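First up is the structure itself, then whatever we jot down about it.
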Amino acid sequence: MWILILIVLAVVVYFVVSQASSSNQASKASSRTQASKASSQNYTNQLDYSNLEVSLDTSASNSYRCDYRRLRDLLAEGKWREADEETNNMILRVTNYNSVENYATPVTAKHTPCEDICTIDRLWLKYSNGRFGLSVQRRIISEIGEKNALSIMFTYGKREGSAAQQMNQRRLQSELNEKFHRTIGWYAPHSDGSAGLKNYNDITFSIQAPYGHLPTANPPGGYPGLRKNYVNDFIVINLLMRLSDCGIAL
């Protein structure tokens, strides 16, 4: 009799423990699923930007007799490539930077007035409903897992410290750049397998492109002087640093 009672108790205990274990595993799986979903949505923004107010009048655009209506209209019509090229054109015009090139360069981007950085960013945000824009690209960089990632990427090519420190810095910069390029869809490996950037003509000029894919702010057809007209990411990096320096955030 006692043996039968012990067997029954053992079965009950086993059943209770099994249920608790299954519940715990299900809870963990649910947490992992939610975390995965949250991770996949890191770069999305559920806010509705379609009603975002954008001022097309800036001091620089008024001074140099250029305006943002063409950029606004191209974005509104979903002409993403033309809008990207017009972005480069507007950066050149509002900076009035003394340059021999007839297109905006990374150096030009450093001189973009804060008002104009804000206008360009908000136009891209509004007409892509938060999918594209400088703010989106900056948020992605801030979420790729390294403190001060943008500043580190901005100093690419500048070496300080011992040889070992410089090697570590170069490695970190390369890793951050590759993560950013992969996330926004600019990454394309070279034939030798090393990290590289897409040709401008291979950029996805569509609303279905990854978050932060646009703008590249490159001149029409890609950046002259770069092999195969690869995208020059330093134009955007300089714009993003300028965005931060201006204290612009949404």
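Residue numbers count from 1 along this sequence. Because the structure is a prediction, the values reported are computed rather than measured. The basis for the numbers below is simple: all heavy atoms, side chains too, and nothing from hydrogens, waters or symmetry mates.
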> Do you know the tightest heavy-atom contact between Gln208 and Arg131?
Replying inline: O-NH2, 3.8 Å
>> Could you tell me if Thr87 and Trp124 have a donor-acceptor pair between their side chains, going purely by distance under 3.5 Å?
In response: yes
>> Between Lys198 and Gly185 (side chain of the first, backbone of the second, donor and acceptor by atom type, cut-off under 3.5 Å), is there such a pair?
In response: yes
> Which heavy atom of Leu176 sits nearest a heavy atom of Ile152, and at what distance?
Replying inline: CD1-CG2, 3.7 Å
> How close do Thr112 and Arg242 get, heavy atom to heavy atom, and via which atoms?
Replying inline: O-NE, 2.7 Å
>> Between His111 and Thr95 (side chain of the first, backbone of the second, donor and acceptor by atom type, cut-off under 3.5 Å), is there such a pair?
In response: no
>> Quick one, Ile203 and Phe205 - any side-chain contact, counting heavy atoms below 4.5 Å?
In response: yes
>> Run Gln173 and Phe154 through side-chain contact (heavy atoms from CB on, under 4.5 Å) and show every step you take.
In response: CA-CA 9 Å; Gln173 289 170 332; Phe154 181 70; over 6 Å; no
>> If you apply the rule side-chain hydrogen bond (donor to acceptor under 3.5 Å, both in side chains), what do you find for Tyr200 with Asp84, and how did you get there?
In response: CA-CA 11 Å; Tyr200 186 77; Asp84 191 44; 2.8 Å; yes
>> For a quick check under 3.5 Å, do Ser61 and Asp67 share a side-chain donor-acceptor pair by atom type?
In response: no
> When rounded to the nearest 0.5 angstrom, what is the spacing between CG in Leu243 and CG in Leu239?
Replying inline: 8.5 Å
> Can you tell me how far CD1 of Ile141 sits from CG of Asn148, rounded to the nearest 0.5 angstrom?
Replying inline: 12.5 Å
> If we ignore angles and hydrogens, is there a donor and acceptor under 3.5 Å between the side chains of Ser50 and Asp48?
Replying inline: yes
> Who pairs with Tyr127 by ring pair (Phe, Tyr, Trp, His ring centres under 6.0 Å), at least two apart in sequence or on another chain?
Replying inline: none
>> Quick one, Ser128 and Ile207 - any side-chain contact, counting heavy atoms below 4.5 Å?
In response: yes
> Does one side chain, of Asp116 or Tyr68, offer a donor that lies under 3.5 Å from an acceptor on the other?
Replying inline: yes
> Mind checking whether Leu74 and Leu56 sit in one hydrophobic cluster, side chains of I, L, V, M, F, W, Y counted as touching below 4.5 Å?
Replying inline: no
> Distance only, no hydrogens: is a donor on one side chain within 3.5 Å (strictly under) of an acceptor on the other, for Tyr103 and Asn89?
Replying inline: no
> For Asn177, does its backbone N or O pair with a side-chain atom of His181 as donor and acceptor, under 3.5 Å?
Replying inline: yes
>> Just so I know, are the side chains of Ile237 and Pro106 near enough to count as touching, which here means a heavy-atom distance under 4.5 Å?
In response: no
> Tyr187 ring centre to Arg182 NZ or CZ under 6.0 Å, with the angle to the axis within 45°?
Replying inline: yes
> Say you draw a straight line from OG1 of Thr216 to CG of Leu214; how long is it, rounded to the nearest 0.5 Å?
Replying inline: 7.0 Å
> Can you find a heavy atom in the side chain of Tyr223 that is under 4.5 Å from one in the side chain of Thr105?
Replying inline: yes
>> Testing the basics here: between Gln137 and Pro215, what is the closest heavy-atom pair and its distance to 0.1 Å?
In response: NE2-O, 2.8 Å
> Looking at CG of Leu150 and CE of Met241, how far apart are the two atoms once the value is rounded to the nearest 0.5 Å?
Replying inline: 5.5 Å
>> Could you walk me through whether Cys118 and Cys246 satisfy the disulfide bond (SG atoms under 2.5 Å apart) test, starting with their C-alpha distance in whole Å, then the side-chain angles of each, then the deciding distance to 0.1 Å, before giving a yes or no?
In response: CA-CA 9 Å; Cys118 184; Cys246 293; over 6 Å; no
>> Quick one, Ser59 and Glu115 - any side-chain contact, counting heavy atoms below 4.5 Å?
In response: yes
>> To the nearest 0.5 Å, what is the distance between CD1 on Ile235 and CG on Leu240?
In response: 12.0 Å
> Taking the inter-plane angle between the rings of Trp80 and Phe132 on a 0 to 90° scale, is it parallel (under 30°), tilted (30 to 60°) or perpendicular (over 60°)?
Replying inline: perpendicular
> What's the shortest heavy-atom distance between Leu92 and Thr108, and which atoms?
Replying inline: CA-CG2, 4.2 Å
> Out of curiosity, does Val107 fall in the hydrophobic cluster containing Tyr64 (side-chain heavy atoms, cut-off under 4.5 Å, transitive links)?
Replying inline: no
> Are any of the side-chain heavy atoms of Val236 and Trp186 separated by less than 4.5 Å?
Replying inline: yes
> Does the Asn238 side chain pair with the main chain of Ala109, one donor and one acceptor, at a distance under 3.5 Å?
Replying inline: no
> Rounded to the nearest 0.5 Å, how far does CD of Glu86 lie from CG of Leu75?
Replying inline: 9.5 Å
> Do Arg81 and Asn201 have side-chain N/O donor and acceptor atoms under 3.5 Å apart?
Replying inline: yes
> So, does Thr119 use its side chain to make a donor-acceptor pair with the main chain of Asp57 at under 3.5 Å?
Replying inline: no
>> Please evaluate residues Ser194 and Asp192 with respect to the criterion side-chain hydrogen bond (donor to acceptor under 3.5 Å, both in side chains), reporting the C-alpha separation (whole Å), side-chain torsions for both, the decisive distance (0.1 Å), and the verdict.
In response: CA-CA 6 Å; Ser194 60; Asp192 62 1; 2.6 Å; yes
> Any chance CZ of Arg171 has more than 12 other-residue heavy atoms, nucleotides or ligands included, within less than 6.0 Å?
Replying inline: yes
>> Looking at every non-hydrogen atom in both residues, tell me the closest pair between Cys66 and Met90 and how far apart they are.
In response: SG-CE, 4.1 Å
>> What verdict does the side-chain contact (heavy atoms from CB on, under 4.5 Å) test give for Leu125 and Asp121, after you've listed the backbone C-alpha separation in whole Å, the side-chain angles of each residue and the deciding distance to 0.1 Å?
In response: CA-CA 6 Å; Leu125 284 168; Asp121 184 37; 3.8 Å; yes
